[in-house]
Amino acid sequence: MTDAYDYECDALIVGSGAAGLAAAVTSSSLGLNTLVIEKTKYYGGTTAYSGGGMWIPNNPVLQGQGMRDTPEAARRYLDAVLALNDDDVSDARRTAFLSEGPKAVALLEKQCRYLRFDWVKDYPDYHPELPGGTTDGRQIQPRAVDTRVLGSAAAQMRRATPMVPQPFGMWIRIDEARDLGTFGTSWKARVLAVRLALRGLVAKLQGKKMAMSGGQMLIAGMRAGLVEHDVPLWLQTSMQSLITGDDGEVVGAVIDREGTPVRVRARLGVVLASGGFERDADMRSTYQQPPTSTRWTLGAPGNAGDGIRAGMELGAAVALMDDSWWGPGLLNPEGRSDFLLTERQAPGGMMVNSAGKRFTNESAPYVNVCHAIYEGEATGVTHVPSWFIVDKTYRNRYKLGRFLPRQRIAASWFEAGVVKRADTIRDLAAQMGVPADNLVQTVERFNSFARTGRDLDFGRGDSAYDRYYGDPSRRPNPCLGPIETGPFFALKVVPGDLGTKGGLLTDEHARVLREGGSVIAGLYAAGNTSAAVMGHEYAGPGATIGPAVTFAYIASQHLAARRDHDIDTPATDAGQD
């Protein structure tokens with residue numbers, strides 16, 4: 001402790017989502033005195049809202065559970081994905097992600113006794129037809145965690161409203177959520193629902209307090225590891241500014257701990273893992289194509305770009321600021337969006353714009369659907385909101401946002417104007433305010449595709465990814481079904497997101513780079529505070545959390561290397577322009 005600082009540590013970690021906690025677990029395991037700070041009163045970040053899956057090819061869990069993959073195939077696939085938009089992600093960063101990701105998984109399982117993973121078998125890559133892609137899947141998910149292992153820290157974990165009802169304390173894994181999607185048509189799914197409810201009931205009777213989603217399982221497992229190793233995590237503590245030395249090296253930060261300013265010295269460096277800027281209206285207005293809204297995001301409440309702005313104040317370069325981890329969402333009466341995932345792949349639903357015409361493959365990966373929304377918006381035809389149209393048959397069979405099969409849509413949704421209902425397509429068009437002839441023709445053409453099983457306009461159902469959440473009982477195409485039985489429903493769709501994708505430009509060591517490509521010594525970034533290694537694309541399920549954890553691990557490894565070897569060599573590859 002010195003007169004200049006109120007607190008000293010080796011590594012200061014800003015943020016407590018997957019990236020922040022992974023950085024803390026890694027640095028602690030390497031013997032670094034570590035402090036984690038979290039702006040809000042709950043830890044877990046956006047990760048706690050998620051399914052908790054991680055896309056990390058060739059990791060030891062996949063290898064141990066029979067997934068057939070090779071480093072060469074994974075690299076071919078990642079290169080092919082990035083080539084879709086000619087994304088300028090450096091060779092070094094690509095290599096670092098693929099080589100260090102498996103090591104990060106191994107370390108998490110070693111250091112966190114309550115964190116174990118399973119392969120999400122048969123969940124395809126998002127572009128499995130590209131070179132190196134696979135339908136076997138490269139995602140892993142955490143196993144169930146009894147949050148009692150957290151002690152008093154359990155009450156401070158961020159929680160989210162479940163996407164489907166969870167009676168009797170039922171918790172749901174990624175693969176189980178997929179199978180429940182056919183509850184309205186499959187007895188297998190109904191049996192699964194009963195089994196899951198009974199599983200939750202038994203756990204509750206045993207006094208267990210289970211993490212309710214995969215994201216909470218991941219966060220709980222890592223947080224338990226930090227509790228076990230006495231790593232402090234300060235809540236309601238925000239970073240105000242970075243502290244630099246005379247040579248520009250980051251040596252600490254000024255933070256606000258529950259209203260009290262604290263100067264923290266970070267002897268080896270600061271890792272920024274404080275999320276993106278999805279909750280900051282000014283930054284969204286500056287960098288992203290309108291229309292967009294802080295109310296449509298599923299990002300954690302504290303994600304207002306603090307880490308990104310702090311880096312930029314030191315001259316850091318940024319990239320991908322125009323993009324997000326987009327996901328179309330149903331606009332709800334509160335003016336927010338409910339993530340639209342399985343619904344788009346189920347047969348019998350389609351999306352149209354203000355002209356009453358389809359404009360994309362509805363079953364495509366969610367980032368790509370929103371890219372199509374914005375590309376259409378740029379043409380002068382309104383795509384925000386779009387409309388998701390279904391009929392009575394769909395409503396009887398499939399979940400639709402918050403509503404289970406056959407469950408009546410609440411009156412508030414109609415009163416808010418976000419859902420329209422009519423007995424004919426023409427009447428539905430009138431309520432939507434779109435040209436009736438166009439909508440009738442669009443529905444008729446769509447129904448012709450449903451009968452043949454081939455979408456001649458957008459190829460819906462051609463990809464194995466499209467079919468993952470489809471209805472296998474629907475033949476010949478599990479993603480295509482006619483819209484022909486009234487009443488008909490139209491629901492407003494907006495481009496929601498899981499967080500912004502742009503951020504500080506980093507190198508293969510997760511070090512933050514200046515505009516000219518030089519390193520800002522002592523400053524690292526991971527997760528959505530950094531520009532995504534995935535570029536404008538999305539390689540597969542868990543391709544947000546997988547790289548976040550990997551580069552957090554890499555950052556902490558480099559912090560330890562600075563201690564051991566006093567290194568900080570300049571960057572030779574700026575990584576991304």
Check whether any side-chain heavy atom of [X] lies under 4.5 Å from a side-chain heavy atom of [Y], and answer yes or no.
X	Y	answer
Phe403	Lys399	no
Arg223	Leu150	yes
Leu218	Ile545	yes
Leu12	Ile37	yes
Tyr524	Val512	no
Gln216	Arg159	yes
Pro57	Leu62	no
Val418	Leu330	no

Between [Y] and [X], is the closest basic N to carboxylate O distance under 4.0 Å?
X	Y	result
Glu176	Arg199	yes
Asp322	Lys501	no
Asp497	Arg284	yes
Asp306	Lys39	yes
Asp6	Arg265	no

With no hydrogens and no angle check, just 3.5 Å: does a side-chain donor-acceptor pair link [X] and [Y]?
X	Y	answer
Ser530	Thr506	no
Asn528	Glu278	no
Asn368	Glu537	yes
Asn303	Thr46	yes

May I ask you to check if Arg263 and Tyr5 form a cation-pi contact, with NZ or CZ under 6.0 angstrom from the six-membered ring centre and within 45° of the axis?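 Yes.
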Both conditions, 6.0 Å and 45 degrees, for the charged tip of Arg93 above the ring of Phe551: are they met here?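 Yes, Arg93 sits over the ring of Phe551.
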Tyr374, OH atom: more than 12 neighbouring heavy atoms under 6.0 Å: yes
Taking atom CZ as the centre, does Arg113 end up with more than 12 heavy-atom neighbours from other residues, nucleotides or ligands that are less than 6.0 angstrom away? no
Once you round to the nearest 0.5 Å, how far does [atom1] of [X] lie from [atom2] of [Y]?
X	Y	atom1	atom2	answer
Glu100	Ile56	CD	CD1	11.0 Å
Asp338	Arg402	CG	CZ	4.0 Å
Asp10	Leu268	CG	CG	4.5 Å
Arg143	Met217	CZ	CE	12.0 Å
Trp326	Cys370	CH2	SG	7.0 Å
Leu504	Ile520	CG	CD1	8.0 Å

From CA spacing to verdict: side chain to side chain contact (heavy atoms under 4.5 Å, CB included), Leu35, Ile13: CA-CA 6 Å; Leu35 170 65; Ile13 315 297; over 6 Å; no
Can any side-chain N or O of [X] pair as donor or acceptor with the backbone N or O of [Y] at less than 3.5 Å?
X	Y	value
Ser27	Ala24	yes
Arg116	Glu109	yes
Thr34	Leu32	yes
Arg173	Gln141	no
Asp87	Val89	no
Gln139	Trp119	no
Thr550	Gly546	yes
Ser285	Ala281	no
Thr529	Ala525	no
Thr47	Ala18	yes

Work out which heavy atom in [X] is nearest to a heavy atom in [Y]; give both atom names and the distance.
X	Y	value
Thr26	Ala22	OG1-O, 2.8 Å
Ala310	Met239	CB-CE, 3.5 Å
Ser324	Gly499	CB-O, 3.4 Å
Val231	Val36	CG1-CG2, 4.4 Å
Pro328	Val493	CB-CG1, 3.8 Å
Ser238	Gln240	OG-NE2, 2.7 Å

Hey, could you give me each pair passing side-chain hydrogen bond (donor to acceptor under 3.5 Å, both in side chains) that has a residue in residues 48-61? Not counting sequence neighbours.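 Applying side-chain hydrogen bond (donor to acceptor under 3.5 Å, both in side chains) to every pair that reaches into residues 48-61, excluding sequence neighbours, yields Trp55-Asp125.
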Where do Met283 and Ile308 land on the side chain to side chain contact (heavy atoms under 4.5 Å, CB included) test, with the steps shown first? CA-CA 10 Å; Met283 290 186 74; Ile308 298 172; 4.3 Å; yes
Would you check, one step at a time, whether the test side chain to side chain contact (heavy atoms under 4.5 Å, CB included) holds for Val25 with Leu108? CA-CA 7 Å; Val25 169; Leu108 288 178; 4.0 Å; yes
Trp296 ring center near Phe339 ring center (under 6.0 Å): no
Sole residue of Arg511, Arg267, Arg562 in salt bridge (Lys or Arg N to Asp or Glu O under 4.0 Å) with Glu249: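 Going through the options one by one, the only one that passes is Arg562.
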Begin from the C-alpha positions of Tyr123 and Arg178 and carry the test side chain to side chain contact (heavy atoms under 4.5 Å, CB included) through to its verdict. CA-CA 9 Å; Tyr123 197 161; Arg178 177 262 184 114; over 6 Å; no
Go through the structure and list residues passing ring-ring contact (aromatic ring centres under 6.0 Å, His included) with Tyr538, not counting sequence neighbours.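 ring-ring contact (aromatic ring centres under 6.0 Å, His included) list for Tyr538, sorted by chain: Tyr126, Trp325, Tyr366.
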Single hit among Gln156, Arg158, Gln236 for side-chain hydrogen bond (donor to acceptor under 3.5 Å, both in side chains) with Thr40: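 For Thr40, the side-chain hydrogen bond (donor to acceptor under 3.5 Å, both in side chains) test succeeds with only one of Gln156, Arg158, Gln236, which is Arg158.
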